[in-house]
Amino acid sequence: MPDTGKESYRALNGLYVLHDELGSGGFGKVKLATHLLTGQYVAIKIIDKKKIGNDLPRVKTEMDALRTLSHQNICQLYQYIETTEKFFIIMEYCSGGEMFDYIVRKERLPEAEARHFFRQLVQAIAYVHSLGYAHRDLKPENLLLTEELKLKLIDFGLCARPGGPGLVNNKPLDTCCGSPAYAAPELILGQQYLGNRADVWSMGVLLYALLCGALPFEDDNMQLLYRKISNGRYYEPDFLTNSSKELLKRMLQVDPERRITVNELLRHPWLNSTYQAALKWQTIYDKNLVDEDVAREMAYHYGTQLGTMVGKIKEWRFDYLTATYHLLLQLKARGEKFALPPPR
Ligand SMILES: O=C(Nc1ccc2c(c1)CCNCC2)c1ccc(Br)cc1
(Lines give C-alpha, C1' and ligand atoms only; values in the text may rest on other atoms or scores of the structure.)
Protein backbone atom coordinates (compact mmCIF):
# COMPACT_ATOMS: atom_id res chain seq x y z
CA MET A 1 0.00 0.00 0.00
CA PRO A 2 1.68 3.32 -1.03
CA ASP A 3 2.31 5.72 1.84
CA THR A 4 -0.82 7.87 1.75
CA GLY A 5 1.05 10.36 3.86
CA LYS A 6 -1.27 9.47 6.69
CA GLU A 7 1.15 6.87 8.02
CA SER A 8 4.00 9.36 8.26
CA TYR A 9 1.69 11.73 10.22
CA ARG A 10 0.89 9.13 12.87
CA ALA A 11 3.05 11.08 15.33
CA LEU A 12 0.21 13.66 15.41
CA ASN A 13 -2.55 11.14 16.13
CA GLY A 14 -4.64 12.09 19.15
CA LEU A 15 -2.78 15.38 19.51
CA TYR A 16 -3.56 17.42 16.37
CA VAL A 17 -5.92 17.19 13.42
CA LEU A 18 -4.54 18.58 10.15
CA HIS A 19 -6.52 20.89 7.87
CA ASP A 20 -5.65 22.72 4.66
CA GLU A 21 -2.25 24.06 3.65
CA LEU A 22 -1.32 27.60 4.71
CA GLY A 23 1.73 27.87 2.54
CA SER A 24 4.82 26.07 1.43
CA GLY A 25 8.18 27.57 2.20
CA GLY A 26 11.72 26.71 1.26
CA PHE A 27 11.57 23.79 3.64
CA GLY A 28 8.33 22.06 3.24
CA LYS A 29 4.73 22.92 3.85
CA VAL A 30 2.84 24.63 6.62
CA LYS A 31 -0.58 23.24 7.47
CA LEU A 32 -3.38 24.63 9.59
CA ALA A 33 -4.20 22.19 12.42
CA THR A 34 -6.30 21.93 15.56
CA HIS A 35 -4.68 21.25 18.94
CA LEU A 36 -7.22 18.70 20.15
CA LEU A 37 -7.04 19.27 23.91
CA THR A 38 -7.80 23.01 23.64
CA GLY A 39 -9.56 23.08 20.25
CA GLN A 40 -7.27 25.95 19.21
CA TYR A 41 -5.74 26.44 15.77
CA VAL A 42 -1.99 26.04 15.31
CA ALA A 43 0.30 26.08 12.27
CA ILE A 44 2.38 22.96 11.72
CA LYS A 45 5.50 23.21 9.57
CA ILE A 46 6.14 19.70 8.18
CA ILE A 47 9.65 19.01 6.96
CA ASP A 48 10.48 15.82 5.09
CA LYS A 49 14.00 14.78 6.04
CA LYS A 50 14.59 13.08 2.68
CA LYS A 51 13.72 16.28 0.80
CA ILE A 52 15.95 18.65 2.73
CA GLY A 53 19.10 16.55 2.49
CA ASN A 54 22.10 18.62 3.48
CA ASP A 55 19.94 21.56 4.52
CA LEU A 56 19.35 19.70 7.78
CA PRO A 57 21.62 22.09 9.74
CA ARG A 58 19.25 24.96 8.87
CA VAL A 59 16.40 23.11 10.58
CA LYS A 60 18.55 22.60 13.66
CA THR A 61 19.53 26.29 13.52
CA GLU A 62 15.87 27.30 13.39
CA MET A 63 14.95 24.98 16.22
CA ASP A 64 17.77 26.24 18.45
CA ALA A 65 16.71 29.83 17.77
CA LEU A 66 12.99 29.15 18.31
CA ARG A 67 13.66 27.38 21.61
CA THR A 68 15.52 30.44 22.86
CA LEU A 69 13.43 33.27 21.38
CA SER A 70 10.18 34.15 23.12
CA HIS A 71 8.81 37.58 22.26
CA GLN A 72 5.46 39.23 21.59
CA ASN A 73 6.48 39.93 17.97
CA ILE A 74 7.97 36.53 17.18
CA CYS A 75 5.81 33.59 16.13
CA GLN A 76 5.89 31.30 19.18
CA LEU A 77 7.17 27.72 18.97
CA TYR A 78 4.73 25.42 20.80
CA GLN A 79 5.94 21.89 20.17
CA TYR A 80 8.56 20.03 18.20
CA ILE A 81 8.16 16.40 17.10
CA GLU A 82 10.88 14.49 15.26
CA THR A 83 10.19 11.10 13.63
CA THR A 84 12.44 9.00 11.41
CA GLU A 85 11.00 10.64 8.26
CA LYS A 86 9.77 14.07 9.37
CA PHE A 87 10.09 17.12 11.59
CA PHE A 88 6.82 18.62 12.86
CA ILE A 89 7.26 22.21 14.08
CA ILE A 90 4.07 23.30 15.81
CA MET A 91 3.80 27.09 15.84
CA GLU A 92 1.46 29.93 16.73
CA TYR A 93 -1.24 30.37 14.04
CA CYS A 94 -1.33 33.93 12.71
CA SER A 95 -4.79 34.22 11.16
CA GLY A 96 -4.01 37.53 9.45
CA GLY A 97 -1.65 35.76 7.09
CA GLU A 98 1.44 37.22 5.48
CA MET A 99 2.32 40.91 5.51
CA PHE A 100 3.15 40.44 1.82
CA ASP A 101 -0.52 39.76 1.00
CA TYR A 102 -1.64 42.61 3.26
CA ILE A 103 0.52 45.16 1.40
CA VAL A 104 -0.54 43.80 -2.01
CA ARG A 105 -4.21 44.15 -1.02
CA LYS A 106 -3.75 47.74 0.16
CA GLU A 107 -1.18 48.65 -2.54
CA ARG A 108 0.77 50.74 -0.02
CA LEU A 109 0.23 51.79 3.59
CA PRO A 110 -0.34 55.28 4.98
CA GLU A 111 2.66 56.42 7.03
CA ALA A 112 0.83 55.93 10.35
CA GLU A 113 -0.06 52.32 9.49
CA ALA A 114 3.44 51.57 8.20
CA ARG A 115 4.75 52.97 11.50
CA HIS A 116 2.38 50.68 13.48
CA PHE A 117 3.91 47.59 11.82
CA PHE A 118 7.49 48.84 11.52
CA ARG A 119 7.73 49.63 15.25
CA GLN A 120 6.85 46.01 16.00
CA LEU A 121 9.45 44.71 13.53
CA VAL A 122 12.16 46.91 15.10
CA GLN A 123 11.17 45.59 18.55
CA ALA A 124 11.43 41.98 17.35
CA ILE A 125 14.83 42.56 15.71
CA ALA A 126 16.21 44.53 18.68
CA TYR A 127 15.28 41.55 20.86
CA VAL A 128 16.77 38.99 18.42
CA HIS A 129 20.02 40.99 18.20
CA SER A 130 20.14 41.43 22.00
CA LEU A 131 20.47 37.63 22.23
CA GLY A 132 23.27 37.60 19.66
CA TYR A 133 21.17 36.37 16.74
CA ALA A 134 20.63 37.96 13.33
CA HIS A 135 17.60 36.94 11.27
CA ARG A 136 19.22 37.38 7.83
CA ASP A 137 16.12 36.64 5.79
CA LEU A 138 13.80 39.56 6.52
CA LYS A 139 11.09 39.94 3.85
CA PRO A 140 7.28 40.45 3.88
CA GLU A 141 6.70 36.70 3.50
CA ASN A 142 8.40 36.20 6.87
CA LEU A 143 6.20 38.72 8.65
CA LEU A 144 2.82 37.37 9.71
CA LEU A 145 -0.18 39.18 11.16
CA THR A 146 -2.53 38.13 13.92
CA GLU A 147 -6.26 38.84 13.88
CA GLU A 148 -5.52 41.99 15.89
CA LEU A 149 -2.91 43.05 13.26
CA LYS A 150 0.00 42.31 15.55
CA LEU A 151 3.19 41.49 13.67
CA LYS A 152 4.91 38.11 14.17
CA LEU A 153 8.33 37.28 12.74
CA ILE A 154 8.91 33.75 11.38
CA ASP A 155 11.54 31.66 9.65
CA PHE A 156 14.81 31.61 11.53
CA GLY A 157 16.20 28.97 9.21
CA LEU A 158 18.88 31.34 8.01
CA CYS A 159 19.58 33.14 11.24
CA ALA A 160 23.13 33.41 12.49
CA ARG A 161 23.41 32.14 16.01
CA PRO A 162 25.80 33.00 18.82
CA GLY A 163 29.03 31.08 18.49
CA GLY A 164 27.95 29.84 15.07
CA PRO A 165 29.98 30.25 11.87
CA GLY A 166 31.09 33.84 12.46
CA LEU A 167 29.40 35.48 15.42
CA VAL A 168 26.73 38.13 14.95
CA ASN A 169 27.47 41.05 17.21
CA ASN A 170 30.19 42.92 15.30
CA LYS A 171 31.86 39.75 14.18
CA PRO A 172 32.18 38.96 10.47
CA LEU A 173 29.84 36.46 8.84
CA ASP A 174 30.57 35.06 5.43
CA THR A 175 27.70 32.82 4.46
CA CYS A 176 25.57 34.26 1.71
CA CYS A 177 21.82 33.82 2.21
CA GLY A 178 18.42 35.42 2.13
CA SER A 179 16.43 36.80 -0.77
CA PRO A 180 18.43 39.06 -3.11
CA ALA A 181 15.91 41.94 -3.29
CA TYR A 182 16.16 42.40 0.48
CA ALA A 183 19.84 41.51 0.83
CA ALA A 184 22.40 44.10 1.88
CA PRO A 185 25.13 45.11 -0.63
CA GLU A 186 27.95 43.70 1.51
CA LEU A 187 26.08 40.39 1.69
CA ILE A 188 25.50 39.98 -2.05
CA LEU A 189 29.07 41.07 -2.80
CA GLY A 190 30.13 38.05 -0.79
CA GLN A 191 32.12 40.25 1.54
CA GLN A 192 32.34 39.47 5.22
CA TYR A 193 29.42 41.24 6.84
CA LEU A 194 27.79 41.92 10.18
CA GLY A 195 24.43 40.19 10.63
CA ASN A 196 22.99 43.07 12.65
CA ARG A 197 23.76 45.64 9.97
CA ALA A 198 22.55 43.43 7.14
CA ASP A 199 19.23 43.06 9.01
CA VAL A 200 18.92 46.87 9.19
CA TRP A 201 19.32 47.12 5.39
CA SER A 202 16.59 44.46 4.91
CA MET A 203 14.33 46.38 7.29
CA GLY A 204 14.94 49.47 5.14
CA VAL A 205 13.81 47.53 2.06
CA LEU A 206 10.76 46.37 4.04
CA LEU A 207 9.90 49.91 5.17
CA TYR A 208 10.15 51.07 1.56
CA ALA A 209 7.79 48.22 0.54
CA LEU A 210 5.30 49.19 3.27
CA LEU A 211 5.34 52.88 2.32
CA CYS A 212 5.62 52.57 -1.47
CA GLY A 213 4.04 49.19 -2.27
CA ALA A 214 7.06 48.42 -4.40
CA LEU A 215 10.69 47.39 -3.97
CA PRO A 216 13.52 49.96 -4.01
CA PHE A 217 15.76 47.62 -5.98
CA GLU A 218 14.17 45.38 -8.55
CA ASP A 219 15.28 43.69 -11.76
CA ASP A 220 14.57 40.32 -13.35
CA ASN A 221 18.20 40.15 -14.32
CA MET A 222 20.13 39.11 -11.22
CA GLN A 223 23.32 40.88 -12.25
CA LEU A 224 21.46 44.16 -12.83
CA LEU A 225 19.66 43.71 -9.51
CA TYR A 226 22.98 43.24 -7.74
CA ARG A 227 24.33 46.37 -9.41
CA LYS A 228 21.30 48.44 -8.33
CA ILE A 229 21.68 47.21 -4.74
CA SER A 230 25.43 47.93 -4.72
CA ASN A 231 24.81 51.46 -6.06
CA GLY A 232 22.10 51.95 -3.45
CA ARG A 233 20.13 54.41 -5.61
CA TYR A 234 16.33 54.07 -5.58
CA TYR A 235 13.27 56.08 -6.66
CA GLU A 236 11.65 58.33 -4.02
CA PRO A 237 7.91 58.71 -4.79
CA ASP A 238 6.51 62.24 -4.19
CA PHE A 239 4.00 60.98 -1.64
CA LEU A 240 6.85 60.11 0.79
CA THR A 241 7.18 62.62 3.64
CA ASN A 242 10.60 64.15 4.28
CA SER A 243 10.93 62.25 7.56
CA SER A 244 10.22 58.93 5.78
CA LYS A 245 12.76 59.83 3.09
CA GLU A 246 15.35 60.70 5.74
CA LEU A 247 14.86 57.43 7.62
CA LEU A 248 15.01 55.33 4.44
CA LYS A 249 18.23 57.10 3.49
CA ARG A 250 19.75 56.23 6.89
CA MET A 251 18.76 52.57 6.55
CA LEU A 252 19.63 52.05 2.89
CA GLN A 253 23.23 53.20 3.27
CA VAL A 254 25.46 51.00 1.09
CA ASP A 255 28.33 51.41 3.54
CA PRO A 256 27.35 49.34 6.61
CA GLU A 257 29.52 51.62 8.78
CA ARG A 258 27.36 54.62 7.81
CA ARG A 259 24.07 52.72 8.17
CA ILE A 260 21.83 53.52 11.15
CA THR A 261 22.09 50.90 13.91
CA VAL A 262 19.14 49.19 15.61
CA ASN A 263 19.82 51.14 18.80
CA GLU A 264 19.69 54.45 16.89
CA LEU A 265 16.57 53.18 15.12
CA LEU A 266 14.82 52.58 18.46
CA ARG A 267 15.21 56.28 19.25
CA HIS A 268 14.58 57.66 15.75
CA PRO A 269 11.87 60.37 15.67
CA TRP A 270 10.07 58.73 12.73
CA LEU A 271 9.28 55.69 14.85
CA ASN A 272 8.38 57.67 17.92
CA SER A 273 6.36 60.52 16.47
CA THR A 274 2.68 60.29 17.53
CA TYR A 275 3.62 57.65 20.13
CA GLN A 276 4.11 58.67 23.75
CA ALA A 277 5.86 55.52 24.93
CA ALA A 278 9.33 54.98 23.53
CA LEU A 279 9.81 51.62 21.86
CA LYS A 280 9.89 48.84 24.46
CA TRP A 281 11.72 46.10 22.62
CA GLN A 282 12.22 43.72 25.59
CA THR A 283 10.16 40.55 25.73
CA ILE A 284 7.02 40.64 27.90
CA TYR A 285 7.47 36.94 28.68
CA ASP A 286 9.46 35.56 31.59
CA LYS A 287 10.39 31.87 31.37
CA ASN A 288 10.56 31.69 35.14
CA LEU A 289 7.04 33.02 35.53
CA VAL A 290 4.19 30.57 34.93
CA ASP A 291 0.63 31.85 34.84
CA GLU A 292 -1.07 30.31 37.86
CA ASP A 293 -4.62 30.24 36.46
CA VAL A 294 -3.44 28.30 33.41
CA ALA A 295 -1.26 25.98 35.50
CA ARG A 296 -4.20 25.32 37.83
CA GLU A 297 -6.47 24.35 34.92
CA MET A 298 -3.77 22.02 33.58
CA ALA A 299 -3.10 20.50 37.02
CA TYR A 300 -6.85 19.77 37.29
CA HIS A 301 -6.93 18.10 33.88
CA TYR A 302 -3.78 16.04 34.41
CA GLY A 303 -4.69 15.25 38.02
CA THR A 304 -1.52 16.66 39.56
CA GLN A 305 -0.75 19.18 42.30
CA LEU A 306 -0.45 22.82 41.15
CA GLY A 307 3.20 22.99 42.25
CA THR A 308 4.04 19.84 40.33
CA MET A 309 2.38 21.22 37.19
CA VAL A 310 4.21 24.56 37.52
CA GLY A 311 7.48 22.63 37.75
CA LYS A 312 6.63 20.59 34.64
CA ILE A 313 5.71 23.71 32.64
CA LYS A 314 8.98 25.39 33.64
CA GLU A 315 10.96 22.61 32.01
CA TRP A 316 9.85 24.12 28.64
CA ARG A 317 10.25 20.80 26.84
CA PHE A 318 8.27 22.03 23.80
CA ASP A 319 6.08 18.95 24.11
CA TYR A 320 2.27 18.75 24.13
CA LEU A 321 2.25 20.24 27.63
CA THR A 322 4.19 23.34 26.49
CA ALA A 323 1.79 23.73 23.54
CA THR A 324 -1.24 23.40 25.86
CA TYR A 325 0.17 26.01 28.24
CA HIS A 326 0.81 28.58 25.47
CA LEU A 327 -2.62 28.03 23.91
CA LEU A 328 -4.48 28.40 27.21
CA LEU A 329 -2.40 31.51 27.99
CA GLN A 330 -3.39 32.94 24.61
CA LEU A 331 -7.08 32.28 25.38
CA LYS A 332 -6.69 34.00 28.75
CA ALA A 333 -4.90 36.98 27.13
CA ARG A 334 -7.86 37.30 24.73
CA GLY A 335 -10.21 37.34 27.71
CA GLU A 336 -11.79 34.07 26.61
CA LYS A 337 -12.81 31.21 28.86
CA PHE A 338 -10.19 28.52 29.00
CA ALA A 339 -11.14 25.11 30.38
CA LEU A 340 -9.82 21.63 29.84
CA PRO A 341 -11.98 18.48 30.08
CA PRO A 342 -11.91 16.80 33.51
CA PRO A 343 -9.34 14.06 34.12
CA ARG A 344 -10.31 10.78 32.43
O1 LIG B 1 -0.10 31.09 10.38
C2 LIG B 1 0.70 30.93 9.48
N3 LIG B 1 0.45 31.19 8.17
C4 LIG B 1 -0.76 31.69 7.65
C5 LIG B 1 -1.86 31.95 8.44
C6 LIG B 1 -3.04 32.45 7.86
C7 LIG B 1 -3.11 32.70 6.51
C8 LIG B 1 -1.98 32.46 5.73
C9 LIG B 1 -0.82 31.95 6.29
C10 LIG B 1 -2.01 32.71 4.28
C11 LIG B 1 -3.01 31.83 3.56
N12 LIG B 1 -4.39 32.38 3.60
C13 LIG B 1 -5.00 32.28 4.92
C14 LIG B 1 -4.37 33.24 5.90
C15 LIG B 1 2.07 30.43 9.77
C16 LIG B 1 2.49 30.29 11.09
C17 LIG B 1 3.77 29.83 11.37
C18 LIG B 1 4.63 29.54 10.35
BR19 LIG B 1 6.39 28.92 10.72
C20 LIG B 1 4.25 29.69 9.03
C21 LIG B 1 2.96 30.15 8.74
Side-chain angles (χ1 to χ4, degrees), residues 9 11-12 15-35 38-49 51-52 55-82 86-106 117 120-121 124-125 127-128 133 135-159 161 177-179 182 206 209 285 318 320 322-324 326-327 329-331 333-334:
Y9 292 171
L12 302 178
L15 306 176
Y16 300 95
V17 170
L18 288 175
H19 309 304
D20 34 347
E21 198 162 296
L22 290 171
S24 50
F27 268 147
K29 54 192 153 201
V30 180
K31 282 180 165 273
L32 180 64
T34 296
H35 175 269
T38 61
Q40 296 303 299
Y41 279 145
V42 295
I44 302 186
K45 189 189 245 188
I46 303 168
I47 296 171
D48 185 317
K49 288 181 176 177
K51 290 187 186 144
I52 58 164
D55 256 335
L56 186 63
R58 273 181 56 173
V59 179
K60 300 285 187 192
T61 299
E62 179 164 40
M63 290 322 306
D64 293 346
L66 288 173
R67 277 197 178 90
T68 310
L69 301 168
S70 181
H71 186 272
Q72 54 277 20
N73 294 116
I74 292 176
C75 190
Q76 181 63 46
L77 171 70
Y78 291 157
Q79 183 175 1
Y80 168 72
I81 301 173
E82 182 173 358
K86 308 253 185 203
F87 289 113
F88 297 96
I89 303 174
I90 296 96
M91 305 283 299
E92 175 179 3
Y93 172 60
C94 304
S95 59
E98 295 177 5
M99 170 68 82
F100 182 86
D101 298 325
Y102 187 84
I103 303 173
V104 167
R105 270 200 309 274
K106 304 195 79 171
F117 290 120
Q120 297 179 70
L121 174 60
I125 293 302
Y127 166 77
V128 168
Y133 288 91
H135 186 281
R136 299 203 300 175
D137 193 13
L138 293 173
K139 54 188 178 183
E141 296 88 327
N142 284 343
L143 304 181
L144 298 179
L145 301 174
T146 65
E147 204 167 349
E148 306 80 21
L149 290 188
K150 274 188 78 173
L151 179 140
K152 300 280 182 174
L153 183 56
I154 60 165
D155 208 340
F156 287 80
L158 282 173
C159 75
R161 61 198 183 289
C177 55
S179 318
Y182 298 87
L206 264 163
Y285 304 118
F318 294 101
Y320 202 63
T322 305
T324 303
H326 278 297
L327 288 164
L329 193 64
Q330 201 178 60
L331 280 169
R334 285 207 295 256

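What you see is a predicted model, and the numbers here were worked out from it, not measured in a lab. Both ligands and their constituent atoms are indexed starting at 1 by order of listing.
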For the residue pair F87 and Y80, categorise the inter-ring angle as parallel (less than 30°), tilted (30 to 60°) or perpendicular (more than 60°). parallel
At less than 3.5 Å, what protein N or O atoms come close to the N or O atoms of ligand 1? Include the distances to 0.1 Å.
residue: ligand 1; atom: 1 (O); partner: C94; partner atom: N; Å: 3.0

By salt bridge (charged side-chain N to carboxylate O under 4.0 Å, His left out), K49 pairs with (sequence neighbours left out) E82
State which residues pass salt bridge (charged side-chain N to carboxylate O under 4.0 Å, His left out) with K106; sequence neighbours excluded, sorted by chain then number. E113
Quick one, T34 and H19 - any side-chain contact, counting heavy atoms below 4.5 Å? yes
In a table with atom names and distances, give each donor-acceptor pair under 3.5 Å that connects a side chain of residues 88-98 to protein atoms at least two apart or in another chain.
residue: E92; atom: OE1; partner: Q76; partner atom: N; Å: 3.0
residue: E92; atom: OE2; partner: K152; partner atom: NZ; Å: 3.2
residue: S95; atom: OG; partner: E147; partner atom: N; Å: 3.4

Testing Y320, Y41, Y78 one by one against Y16 for a ring pair (Phe, Tyr, Trp, His ring centres under 6.0 Å), which residue passes? Y320
